[in-house]
J.: 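First, the structure itself, so that you have it in front of you.
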Amino acid sequence: MYILIFCMLRAPEGMQEYQRMAAHFGRDLVQLQHELHRMKVATKEQGMMPLRKDYPAEVPKAPDFLVSLRSHTVWEKTPVKLFCTVSGKPNPIVKWYRNNVAIEPLSAPGKYKIENKYGVHSLIISRYDLTKPSKLHFHKGVLSCILFPLLSGIHPSKLEVTLLESFGVTFGTEGESVSLVANMVVVPDLPNLPPEAMWYRDDTLLMPSRWAEMSIGGGVAKLTLPHLNKDDEGLYTLCIWTKDGTAEHSAYLFVKDATPTVAGAPGAPMDVAVFDVNADYVLVSWKPPNTTHEAPITGYFVDRSCKLLYVDVMLKVLFCINKHLIYSCLVYVTIPDPPTNVHATEINKTYIVLNWTPPSPRGRAPVWYLIEKCVGDSHIWQRVNTAVQLRSPRFPVYDMEDKKSYRFRVITVNKYGSSEPSEPTAAIQKVDPYGVPSAPGQVIASRNTKTSAFVQWEPPKHANNLMGYYVDASLVGSKKWFPCNHRPYKHTRFVVHGLVPGDTYVFRVQAVNASGLSEESQDSAPFFIDAALSTPSAPYGISLLNCNGSSMTLAWKRPKNTGGSKITSYYLDKREAESVDWKEVNPSPAAHRTFMVENLTTGVFYEFKIQAANLAGVGLPSEPSKAFACEAWTMAEPGPAYDISFWEVRDTFVLVQWKPPVYAGAGPITGYFVDMAKKGSSDFVAVNAEPVGHCYLKVSGLETGASYVFRVRAVNAKDVGKASDVSDPVCAKALPGTKEIVCGVDEETGDIFLNFEACEVSETSKFTWSKSYKEITESSRVSITSSGRNSKLTFVNAEKEDLGIYSVAVTNTDGVSSSYSVNEEELKKMLELSYNIKHPIVPLKTELNYEILEKGHVRFWVQAMKLSSSVNYRFIVNDKAITSAEGYKISHDASTGIIQMTIEHFTKANEGTYTIQIHDGKAKSQSSLVLVGDAFKGALKEAEFQRKEHIRKQGPHFSEYLSFHVTDDCTVMLVCKLANVKKETTFTWFKDDEEIPVDVPPNPMSGSCSLPIPMFSRKDQGIYKAVLGDDHGKDTSVYDISGKVFEDIINAIASIAGSSASDLVLQCTPEGIRLQCYMKYYTEEMKTSWFHRDSKISSSEKMRIGGTSEMAWMQICEPTDKEKGHYTIEIHDGKKSHSRTFDLSGQGNVQMCYMNYLLSVDRGRVVGGLPDVVTIMEKKSLSLTCTVWGDPSPEVTWFKNEQEVVSDDRYKITFEGGKFASLTINNVYVEDSGKYSINVRNKYGGEFVEITVSVYKQGGDIPEPKLGQMAKPAVTPKPATPAPQSVKTPTPPTPTPSVKSPTPTPPPSVKSPTPTPAPKSPTPPRSMRSPTPPRSMRSPTPTK
């Protein structure tokens, strides 16, 4: 872009004004000029100038341009500075014009700045606008000055404002708050009249709002953005009115994306704009966000928020329009005409904007429009705006397929009806008028500062309505890109901030427009972050180190700014103190910061100045040194030390280093004293009480953040020498990111090393390693390697002579350095670790072990802590290497570190020693296992068992062996679970090797089988066996019910019975008193105890203990008062006892029972003769005979299976003499088996006795009572009178959990012993007058 600026002379009409003002002010002006001339002459005389010149009197001269304005070519938005020089006597007045209009700086604050310094006039234009080129010219007059009237009061533009500390480049995140602050000095500082400040973002003036809070006062201007958005990113400029124009400061604010709610989601769009606003729709546009590592953007969601105020205003406007139209129409119609001139006004790849002319006439009622479309030349019309009642003659149409053309037509509708369709448009196809831009061209990065880079690029060949650019950066080697800006930048150059000094980056650029992002440009060349190259600043601190009368040795300090490049040489100039001419000291520059200047004259004072040179050139000269006398030094004490430097600067200590004096004095230097003082103080204190013999000292105990200065004094045998020059101040604060030296051992080689990572480096930086602060140049003990920010010192063969302090310093930095002390203890530890790495072993988590697998296989295995994929190993058995072959499987898993060998058929031949040898890289390991003797026998036995188990499970088998559990009604159930069965599988129960017949055949397909054992007692002991088999195999489960198993079953029954036991009941009997306890089941094998007054009762003639299947009882024969008291029954189940108590203390109870005893002496009863069980062979005769008693003589009735038996040919019933009753059955058959009973009764009561008859076939075995049949226990009726003292409801039973077989291993078969008759109840014989009834005897019922 080019801007032409012209300069024109003012017309002669200005001469009159000049003459008028000259006449008024001329006399004073001449007097001032004469006085100024006199002062200049006097000054020259005082300066001993050898020549004096006489100046002629001033002659008036017409104004003229000595240096005219010239044309300029400038960048847009950059300041323009125009200069010219004028002459004339008296001094002319200069006026600036733009397009023939006088420029007034106050009319556009901050835009123009006019200055006049020593005849040079300048015009500074801030942020020149390319869209407003203009011609600028001067208007030159002839008057000496023009007076302007003073302003009433003070305007803010008349304040003198100087900006001090101002905001720099700032980084923020969406949603955060950021403040930009600038400090200033205002003269005069009036609290009621602060300066006027203006804030700009990218040349857009910001106004105070809830999103931009501005304040100024107290010497501070502040802009606060309380809630950052990416739209806030940009170049912020603070512009303040000053007396001379404006003071400005600019810095960039970067706003990065907030953390997404979903990982990988893109950032927010920005610069949302709304246009084409009408009653029916609004078009919204935005700029897409930058994406670096996120997935490509596939679409956008647009949210809408309606404000009622705007809607009301729109409705009012529409109402007015409609009303106006109604009253302006002359012809009223009802149904409107169709619209006309339907056409597309905007076409792009997303939508088409249709426009049409409203119908005329349009009807009396408000109208709206319907839009229809069809594809190509088809006549299938489809409604477009189904959900929108369109009232404006303009509408955007979406949802059109690519590469298809459409035609459109519009229909007018009001409340009276709809018009005919309009004429259809021509075929319209959506197109992309722009598309995304092409990729930008070559990207070039160049130096800017230590933390930023200047990136520029070529614009894309196809801009396509370009919005701006996104710049991305990546650290070389990371392959991870990060955005440098989050808002499109409009120019082709950008300063990337926030980079790490010393790192190398590559950059790329993307162009962006409304259609999206372009392809990425090619990456820039790798760029090292460092400050831009410039010439070095001036050296300083020139000091004299020695003088011999004809030469001087000088030293000086390195320039504070090296210009981003290594200083290569120094140039020295000298002059005598009385001379003003400088002479070059030497034709060739000095390479170091000490130099001997020769060929000097004794007794003459000399001054010196020095210039430093680097790759960019020669820098500025230093200030002249103070005058040094060229006189030989002869004092006995040493000269000053020099070149004091600081390293390892930390928060509480600093290492001070210096160089020894050049002049040693009368003797060798023996040590040094270091003095210290705070910055600004002259009160130095000695740091060390005794002199140190080396040229360094670590000073500790410093105050964090405080600045100190130091000086050094050398000592010899004569005295303490002259102090060195005071050092530069050093602040006791570590550099940000400072790291220390780390000592370690290389995991691959085992070498011991010291590693240092610098927090800051430059392109010319070098790592300097030292031992005891003496630089290591060439050494056979260590090797040094450096790369990037890291430097490593490796010990070749670490020994005791390597002990000491090692330090490293990084040149061309702000003192980056560190030190590390290698002591004997740490070296020993590192040597051990180094040995382990050089002679490594594979660490084992477990030693060699074995386990027996399911099929009888034996697995030998070992687990290492870590294995690589290239591990090698071998198994050795009895000194013989084993490989994977038939019968052996060897494998490993590197992820778990497991190495294993499986022996498929483990036999006696496998007894011996097993060893595994592992080689993993350089590491080795070995583990052994001795498997002999009993250990081998146990493993072999277990392997054989597992092998058999595997074979067993191939056919039908028991998944759970036999076990027992007791049901709620005290029935013992033998249960087992089956697996791998089919319909043909058979299942058989055995007891003592004899098959047990069951009523319901087992069903193996159900997965389980059970055998009930009702009324379990001692007779049910034995070895039970379940056999399962089919054509695939056979399996057996054996369960021995004896010993502990029998006790467990009895205890389980006792637990349920004891829980269900009722309270004790008092029953009066002919013999006396009986205490009864009813329960679900009772057997004599249960551990039952009776107590009287806490004393255990044993069964005797007086106290008889017994029971039936339904109850337990205790009989007190012929009771007396001694038997009164508390009676308790306890039932033990192995874990706890269940007790019931009865108080037999009442006198009435005993007397009543005794009277019942007397009454019951004459009742009908069976005296004796009947057995409990009768077993008889088929076709024999059975005679059941008994003796009965009663007074009067009782009646006798016989029953079979609870049915009365009638006398006939086979059944013969007799009752002789009132004493002998009999039932005879001739030729018995199996069908005659069953339960027989006799009922004997008279008026005092009676008795009911049961007999079990079993008939077996000739030649057959004597049958036992059938198992598997749940016998119903006879229910003993309650006595009618006398009533028991108390009868309580029995406690609900508690089921006992199943008890499994103690071992799944099938026990060896045990044959059943010879059957023995079931033991009889301990009931006393009937010949005795015992009150104990038979098992099924009912309680007597007295009669009147």
Side-chain angles (χ1 to χ4, degrees), residues 536-562 567 569-577 582-586 589-613 619-647 656-665 669 672-677 679 682 684 695-697 708-716 719-730:
S537 61
Y540 65 101
I542 303 173
S543 60
L544 178 63
L545 302 182
N546 190 16
C547 180
N548 60 9
S550 61
S551 64
M552 292 183 179
T553 302
L554 303 177
W556 58 90
K557 294 181 180 179
R558 181 186 293 107
K560 294 183 178 180
N561 180 16
T562 62
I567 295 178
S569 56
Y570 295 91
Y571 295 89
L572 282 73
D573 294 333
K574 68 178 180 179
R575 74 177 180 185
E576 294 182 3
W582 290 94
K583 296 180 181 180
E584 193 177 64
V585 171
N586 56 328
H592 304 287
R593 288 186 291 110
T594 57
F595 190 81
M596 181 182 289
V597 182
E598 300 178 339
N599 300 322
L600 301 178
T601 303
T602 303
V604 177
F605 284 83
Y606 290 91
E607 295 178 354
F608 302 90
K609 68 177 182 180
I610 305 172
Q611 291 176 278
L620 297 174
S622 66
E623 292 291 330
S625 68
K626 60 183 179 181
F628 298 126
C630 186
E631 295 178 353
W633 287 9
T634 59
M635 62 275 197
E637 63 272 11
Y642 68 101
D643 197 15
I644 299 177
S645 59
F646 304 102
W647 303 96
V656 183
Q657 282 187 285
W658 60 88
K659 291 183 179 179
V662 175
Y663 179 77
I669 297 175
Y672 301 90
F673 286 103
V674 179
D675 301 331
M676 175 183 70
K679 180 183 177 181
S682 59
F684 281 88
C695 295
Y696 63 88
L697 180 66
Y708 298 86
V709 292
F710 295 85
R711 68 185 183 188
V712 180
R713 293 172 294 150
V715 181
N716 63 9
D719 201 354
V720 178
K722 180 182 178 182
S724 66
D725 289 347
V726 177
S727 69
D728 292 335
V730 59

J.: Start with the C-alpha distance between Ile669 and Val715, add both sets of side-chain angles, then the distance that settles side chain to side chain contact (heavy atoms under 4.5 Å, CB included), and finish with yes or no.
T.: CA-CA 6 Å; Ile669 297 175; Val715 181; 5.8 Å; no
J.: Check for me whether Arg713 meets the cation-pi criterion with Tyr672, that is, NZ or CZ under 6.0 Å from the six-membered ring centre and within 45 degrees of the ring axis.
T.: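 No, a cation-pi geometry is absent between Arg713 and Tyr672.
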J.: Is Asp573 salt-bridged to Lys583, cutoff N-O under 4.0 Å?
T.: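 Here Asp573 does not pair with Lys583 in a salt bridge, since their nearest N and O are not under 4.0 Å apart.
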J.: So, the side chain of Ser551 versus the backbone of Met596: is there a donor-acceptor pair under 3.5 Å, distance only?
T.: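 Judged by distance alone, no pair lies under 3.5 Å.
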J.: Kindly say whether Asn561 contributes a backbone atom to a donor-acceptor pair with the side chain of Ser537 at under 3.5 angstrom?
T.: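 Indeed, once roles are kept as given, a pair shorter than 3.5 Å links the two residues.
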J.: Between Met552 and Cys630, does the side chain to side chain contact (heavy atoms under 4.5 Å, CB included) criterion hold? Intermediate values first, please.
T.: CA-CA 7 Å; Met552 292 183 179; Cys630 186; 3.5 Å; yes
J.: Answer yes or no: is there a donor N or O on one side and an acceptor on the other, between the side chain of Asn716 and the main chain of Ala636, under 3.5 Å?
T.: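 Yes; judged by distance alone, with no hydrogens or angles, the pair exists.
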J.: State the OG-CG distance between Ser727 and Asp643, to the nearest 0.5 angstrom.
T.: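 One gets 11.0 Å once the value is rounded to the nearest 0.5 Å.
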J.: Is Tyr642 reaching over with its side chain to a backbone N or O of Leu554, donor-acceptor style, under 3.5 angstrom?
T.: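 No: the side chain of Tyr642 does not pair with the backbone of Leu554.
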J.: Measure from NZ or CZ of Lys609 to the centre of the six-membered ring of Trp582, then state whether that distance is under 6.0 Å and the direction lies within 45° of the axis.
T.: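 Yes - Lys609 lies over the ring of Trp582, closer than 6.0 Å to its centre and within 45° of its axis.
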J.: Quick check: are there more than 12 heavy atoms from other residues, nucleotides or ligands sitting under 6.0 Å from CZ of Arg558?
T.: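 Incorrect, the count does not exceed 12.
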J.: Answer yes or no: is there a donor N or O on one side and an acceptor on the other, between the side chain of Tyr663 and the main chain of Met635, under 3.5 Å?
T.: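 Side chain of Tyr663 to backbone of Met635, a donor-acceptor pair under 3.5 Å: yes, one is there.
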J.: Got a donor-acceptor contact below 3.5 angstrom from the Gln611 side chain to the Gly619 backbone?
T.: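 Yes; at least one donor-acceptor contact below 3.5 Å.
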J.: Report yes or no: does Ser622 contribute a side-chain atom to a donor-acceptor pair with the main-chain N or O of Ile610 at less than 3.5 Å?
T.: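 Yes; judged by distance alone, with no hydrogens or angles, the pair exists.
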J.: Which is it for Phe710 and Phe684 under the ring pair (Phe, Tyr, Trp, His ring centres under 6.0 Å) test, yes or no, and what are the steps along the way?
T.: CA-CA 8 Å; Phe710 295 85; Phe684 281 88; 8.6 Å; no
J.: So, is the end of the Lys679 side chain (NZ or CZ) under 6.0 Å from the ring centre of Tyr708 and within 45° of the ring's axis?
T.: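 No cation-pi geometry.
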J.: With Tyr570, which residues qualify under ring pair (Phe, Tyr, Trp, His ring centres under 6.0 Å), at least two apart?
T.: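 Partners of Tyr570 by the ring pair (Phe, Tyr, Trp, His ring centres under 6.0 Å) criterion, ordered by chain and then number, come out as Trp556.
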J.: Are Lys557 and Asp728 ion-paired here, with the side-chain N under 4.0 Å from a carboxylate O?
T.: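 Result for this pair is yes, salt bridge flagged.
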J.: Can you tell me how far apart CG (Leu600) and CG (Asn548) are? Round to the nearest 0.5 Å.
T.: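 Atom-to-atom, Leu600:CG and Asn548:CG are 9.0 Å apart.
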J.: Judged by atom type as modelled, is there a donor-acceptor pair below 3.5 Å linking the side chain of Ser625 to the main-chain atoms of Ile542?
T.: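 No, Ser625 side chain to Ile542 backbone: no donor-acceptor pair under 3.5 Å.
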J.: Quick one: does Phe595's side chain get under 4.5 Å of Thr553's, heavy atoms only?
T.: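 Side-chain contact under 4.5 Å: no.
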J.: Between Ala613 and Pro536, which heavy-atom pair has the shortest distance, and what is it?
T.: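 Nearest pair, atom of Ala613 first, then Pro536: N-CG, 4.1 Å.
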